[in-house]
Amino acid sequence: MSKGLRERKKERTRAAIRRAAREIAAAHGWEAATIERIAAEAEVSPSTVVRYFPVREDIVLTDDRDDRLEDLLRARPAGEDPLESLRAVLVEAVGTTLEADPEEIRLRARLMASTPAVRARLTETTAETGRRLARALADRTGRAPDDLEVRVFTAAVLGALREATLYWAERGSAEDLMALLHRTVDTLKAGPALPARP
C-alpha cells in the first residue's frame, strides 16, 4: 500500500471514529460513548480506537486542523500585532469548523460545559496548543518560547476563547459564536500585550 493511500485510509478511520463518538454522545451522552461502543459503530476494533486516540476525550476535542495552527500562525504577516495574529488563526479555525460542521462545534461546546472529564482534558489539550503557538510567537517577537510573557499572553488568549465558547454553550448555543469570539479578543485588546523585545 502506497504512503498516500495509507494516509488516506488513516484519515478515513479517524473520521469514522470521530463521527461514531459524536453520534453516540449526541444521542446518549458522553458516558455512553465507551471505547467498545465507538468501535462497534465505526466498524473498527477497540484497539484501533485506542491506537488513534489514546485518551477517549480527544476524539471529540481534537481534529486534524489542530496540528496546523502553528504553521498558520507562522504564515501571518511579520509586523502584525500578536493578538491580531492569534485572532486570525484561532477564530478562523473555529469558523471553518462551524461552517463545515456546526453540530460538531455545538456538541464539543456542550460536552465541555457539562462533562468534567471532557473539560479536564480540554485544559491539557489547550496547554499543548499553547506551547505550539508560543513557539511561533516567541520567534516573531524575539523572545524565548518559555519566556513568562509569551506563556502568559498565549494562555490568556486561549483561556479567554475557551471561556467564550463555554459561555456560548451554557446559553444553548443561541448567540453568534463568531461574534462572541471577536468580542472576547476585543476585550483582551485593551489588556494583555506582547510587544517585541527592543
For Arg143 against Asp147, the heavy-atom pair lying closest together: NH1-OD1, 3.2 Å

Nearest-0.5 Å distance, CG of residue Leu90 to CZ of residue Arg162: 13.0 Å

In terms of hydrophobic clustering (I, L, V, M, F, W, Y; side-chain heavy atoms under 4.5 Å; direct or indirect links), are Val50 and Phe53 co-clustered? yes

Should the pair Arg14-Glu11 be classified as a salt bridge under the 4.0 Å nitrogen-to-oxygen rule? no

What about Leu166 and Val157, same hydrophobic cluster or not, with Ile/Leu/Val/Met/Phe/Trp/Tyr joined at side-chain heavy-atom distances under 4.5 Å? no

Does any non-hydrogen side-chain atom of Glu128 lie less than 4.5 Å from one of Thr125? no

Report whether Met112 and Trp30 are members of the same hydrophobic cluster (ILVMFWY, side-chain heavy atoms less than 4.5 Å apart, transitive linking). yes

Quick one: closest heavy-atom pair of Leu73 and Ser85, and the distance? CD1-CB, 3.6 Å

Can you tell me how far the OG1 atom of Thr34 sits from the CD atom of Glu41, to the nearest 0.5 Å? 11.0 Å

Main chain of Val60, side chain of Arg108: is a donor-acceptor contact present, judged purely on distance under 3.5 Å? yes

Could you tell me the separation between the CZ atom of Arg12 and the NZ atom of Lys9, rounded to the nearest 0.5 Å? 7.5 Å

Could you grab the distance from atom CG of Leu158 to atom OG1 of Thr129, nearest 0.5 Å is fine? 6.5 Å

Distance-only check: which donor-acceptor pairs under 3.5 Å involve side-chain atoms of residues 169-181, not counting sequence neighbours?
unit_1, atom_1, unit_2, atom_2, d
Arg171, NH1, Tyr167, O, 3.3
Asp176, OD1, Met178, N, 3.0
Asp176, OD1, Ala179, N, 3.2

Contact check, side chains of Arg18 and Arg22, non-hydrogen atoms, under 4.5 Å: yes

So Arg87 and Asp186, do their side chains get closer than 4.5 Å, heavy atoms only? yes

Check Glu84 with Lys189, please: is the shortest side-chain N to carboxylate O separation under 4.0 Å? yes

Of all the heavy-atom pairs spanning Thr165 and Ala109, show the shortest one and how long it is. CG2-CB, 3.9 Å

Check Leu188 against Ala156 and note the closest heavy-atom contact, atom names and distance. CD1-O, 4.2 Å

Inter-residue atom distance Leu133.CG - Leu72.CG, 0.5 Å rounding: 9.5 Å

Can you tell me which residue pairs pass the side-chain hydrogen bond (donor to acceptor under 3.5 Å, both in side chains) test with a partner in residues 109-118, sequence neighbours excluded? none

Do side-chain atoms of Arg56 reach the backbone of Ala33 as a donor and acceptor pair under 3.5 angstrom? yes

Treating Arg76 as the side-chain partner and Asp81 as the backbone partner, does any N or O pair qualify as donor plus acceptor under 3.5 Å? no

Spell out, as yes or no, whether a donor-acceptor pair under 3.5 Å connects the side chain of Arg140 to the backbone of Pro77. yes

Under 3.5 Å, side-chain donor or acceptor atoms of residues 92-100 against the rest of the protein: list the pairs with distances, not counting sequence neighbours.
unit_1, atom_1, unit_2, atom_2, d
Thr96, OG1, Glu92, O, 2.9
Thr97, OG1, Arg65, NE, 3.1
Thr97, OG1, Arg65, NH2, 2.6
Thr97, OG1, Ala93, O, 3.2

Tell me, with the steps shown, if Leu111 and Leu61 meet side-chain contact (heavy atoms from CB on, under 4.5 Å). CA-CA 9 Å; Leu111 290 174; Leu61 285 177; over 6 Å; no

Smallest heavy-atom separation, Ala16 atom then Ala42 atom, equals O-CB, 3.7 Å

Answer yes or no: is there a side-chain heavy-atom contact under 4.5 Å between Arg135 and Arg74? yes

Should Leu86 and Val185 count as side-chain neighbours, where that means a heavy-atom distance under 4.5 Å? no

Do Thr184 and Val91 have side chains that get closer than 4.5 Å, going by heavy atoms? no

If two hydrophobic side chains count as joined below 4.5 Å and joins carry through other members, does Leu107 share a cluster with Ile59? no

Could you state the interatomic distance from CG (Leu122) to OG1 (Thr62), rounded to the nearest 0.5 Å? 11.0 Å

Where Gly130 and Thr154 come nearest, the two heavy atoms and their spacing: O-CG2, 3.5 Å

Hey, does Thr141 have a side-chain heavy atom less than 4.5 Å from the side chain of Phe153? no

